[in-house]
Engineer: 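I have a structure I would like to understand better, so I am pasting it below and will then ask my questions one at a time.
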Amino acid sequence: MPRVDFCDFIETIERDMKERHERIEATVNSVDTSSLLQVIRDVEKESLVLIDVLTNQHKNCEEEAINIHTSEMSLLEELVEKEQHFLQRVKDISDITKIS
């Protein structure tokens with residue numbers, strides 16, 4: 001493996017960095033800033049629309065979760081009532097069989 005002189009290595013990196021900087025600067029200077037600003041505004045508008053959509057979806061999900069929870073609670077209450085009724089019937093039958 002050939003040995004690289006550290007100073008040459010640093011100079012090569014500096015030269016590469018300078019060339020990259022010049023290419024970036026040329027690219028930036030060639031960009032139409034009004035077009036770029038319009039693209040940024042369009043993206044911002046689209047982002048705001050997406051935020052609104054996501055916020056509404058989140059709100060809808062919360063409402064649906066509340067509705068599901070309410071339904072579950074109603075079903076549980078109904079189940080408890082039926083279970084109590086069933087246990088009372090079992091007790092009544094047990095009492096009748098003890099008397100007989």
Engineer: For K18, check side-chain hydrogen bond (donor to acceptor under 3.5 Å, both in side chains) against everything at least two apart and list the hits.
Structural biologist: none
Engineer: L76: which other cluster members, linking ILVMFWY side chains closer than 4.5 Å, directly or transitively?
Structural biologist: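 Joined to L76, directly or through intermediates: M73.
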Engineer: Please list, chain by chain and in numerical order, all residues satisfying side chain to side chain contact (heavy atoms under 4.5 Å, CB included) with E72, sequence neighbours excluded.
Structural biologist: I68, H69
Engineer: Mind checking side-chain hydrogen bond (donor to acceptor under 3.5 Å, both in side chains) for S30 and listing every partner two or more places apart, or none if nothing turns up?
Structural biologist: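 S30 satisfies side-chain hydrogen bond (donor to acceptor under 3.5 Å, both in side chains) with no other residue.
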Engineer: Mind checking what makes side-chain hydrogen bond (donor to acceptor under 3.5 Å, both in side chains) contact with S47, not counting sequence neighbours?
Structural biologist: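 Residues passing side-chain hydrogen bond (donor to acceptor under 3.5 Å, both in side chains) with S47: none at all.
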Engineer: Give the other cluster members for L75, using side-chain heavy-atom distances under 4.5 Å between Ile, Leu, Val, Met, Phe, Trp and Tyr residues; answer none if it is isolated.
Structural biologist: none
Engineer: Name all residues meeting the side chain to side chain contact (heavy atoms under 4.5 Å, CB included) criterion together with V39; count only those two or more places apart in sequence or in a different chain, and write none if there are none.
Structural biologist: V43
Engineer: Quick one: do D95 and K91 make a salt bridge, cutoff under 4.0 Å?
Structural biologist: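 So D95 pairs with K91 through a salt bridge.
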Engineer: Sequence neighbours excluded, which residues qualify as side chain to side chain contact (heavy atoms under 4.5 Å, CB included) partners of I13?
Structural biologist: F9, M17
Engineer: When you measure from the side chain of S94 to the backbone N and O of V90, does any donor-acceptor pair fall under 3.5 Å?
Structural biologist: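 Flag not set: sc S94 to bb V90 has no pair under 3.5 Å.
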Engineer: Output every pair passing side-chain hydrogen bond (donor to acceptor under 3.5 Å, both in side chains) with a member in residues 36-46, not counting sequence neighbours, ordered by first then second residue.
Structural biologist: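 Matches after skipping sequence neighbours: Q38-D42.
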Engineer: Which donor-acceptor pairs under 3.5 Å do the side chains of residues 80-89 make with protein atoms, sequence neighbours left out?
Structural biologist:
from	atom 1	to	atom 2	distance (Å)
K82	NZ	E78	OE2	3.3
Q88	NE2	D92	OD1	2.9

Engineer: Enumerate donor-acceptor pairs with a distance under 3.5 Å from any side-chain N or O in residues 52-66 to protein atoms, sequence neighbours excluded.
Structural biologist:
from	atom 1	to	atom 2	distance (Å)
T55	OG1	I51	O	2.7
N56	ND2	D52	O	3.3
H58	NE2	E62	OE2	3.0
N60	ND2	N56	O	3.3

